[in-house]
Amino acid sequence: MKNSPEPTVVVRRIPVWKQLLSPEQQIAMVEDLRGVVKAAPLFSPVTPSGKEMSVRMTSAGKFGWVTDRRGYRYEPKHPSGAPWPEVPESVLDVWRTVSGYDRDPESCLVNFYGTDAKMGMHQDKDEADFNAPVVSISLGDAALFRIGNLERGGKTESIWLESGDVCVIGGEARLLYHGIDRIRPGSSSLLPNGGRINVTMRVVT
DNA sequence: TAGTAGCA
DNA sequence: GCCT
């Protein structure tokens, strides 16, 4: 992969590389992610308030992000008790290309969005060190990504993230509220059954 | 409040 | 899209 290319666009201090991954790289990554899901099956997380999230998720790496009535946190094992699988090399390559960070990620969260899935506005703040960025990879159907402010409320900006796009949430943007408003069904043929995969990598400790 | 529904 |  190219070394530290310039981002295509920057939205609210979040750099976005459109089509950083070629179609061939996207296909290979999806194949790697199928291996992750086989070892650590997708589950439907429940928020601390007891509501089921519309995305299904799993993780790879040393820690995986989970939520249930006990709260949001990183855990060293899948809810089944099995250890999380290794982060695929294809995914790590993206981190090393765009993160600008020395340490490798300790957590790789894999979120699957069906046609109707959404993600409400939130901050990523379950990590110990906000100096490390969050790197996000989009695969499959396009998603409307909304970026807000350091506190709830106020004006927001949106951008469509398409298959192969990568963005980095770091620096001054690290704690911005953000979310996914909707998925555009049929916008990609990468996933035979449609939907979107979002892969996010983080340093957790 | 990593949620939802309702109205326009 | 805006509101909560």
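Within every chain, numbering begins at 1; the chains are lettered A, B, ... in the order of the sequence lines, protein sequences first and strands thereafter.
Per the geometry, CZ belonging to A:R146 stands 8 Å off P belonging to C:dG1, to the nearest Å. Rounded to an integer number of Å, the gap from A:M53 CE to B:dT1 C1' is 11 Å. Counting to the nearest Å, the P atom of B:dT1 and the CD atom of A:E151 are 18 Å from each other. In this structure, the NZ atom of A:K118 is 8 Å from the P atom of B:dA5, given to the nearest Å. Between the CZ atom of A:R152 and the P atom of B:dT4 there is a distance of 13 Å, rounded to whole Å. The separation between A:N149 atom CG and B:dT1 atom P is 20 Å, rounded to whole Å. One atom, CE of A:M121, and another, P of C:dT4, lie 15 Å apart when rounded to the nearest Å.
For the residue pair A:T205 / A:E106, a side-chain donor-acceptor distance below 3.5 Å is found, with atom types taken as modelled. Neither side chain, A:E151 nor A:Y177, offers a donor N or O lying under 3.5 Å from an acceptor on the other.
Between the P atoms of B:dA8 and B:dT4, the separation comes to 22 Å (whole Å).
Residue contacts for A:D181: at a heavy-atom cut-off of 4.0 Å it reaches no nucleic acid atom on any strand shown. If you check every strand for non-hydrogen atoms under 4.0 Å, A:S49 touches sugar and phosphate atoms only.
Base pairing annotation: B:dG6 forms a Watson-Crick or G-U wobble pair with C:dC2, both donor-acceptor distances under 3.5 Å.
By the 6.0 Å contact criterion, CZ on A:R56 is open, its count of non-hydrogen atoms from other residues, nucleotides or ligands being 12 or less.
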> Step by step, would you call A:I180 with A:R196 a side chain to side chain contact (heavy atoms under 4.5 Å, CB included)?
Replying inline: CA-CA 11 Å; A:I180 294 293; A:R196 170 179 188 254; 3.8 Å; yes
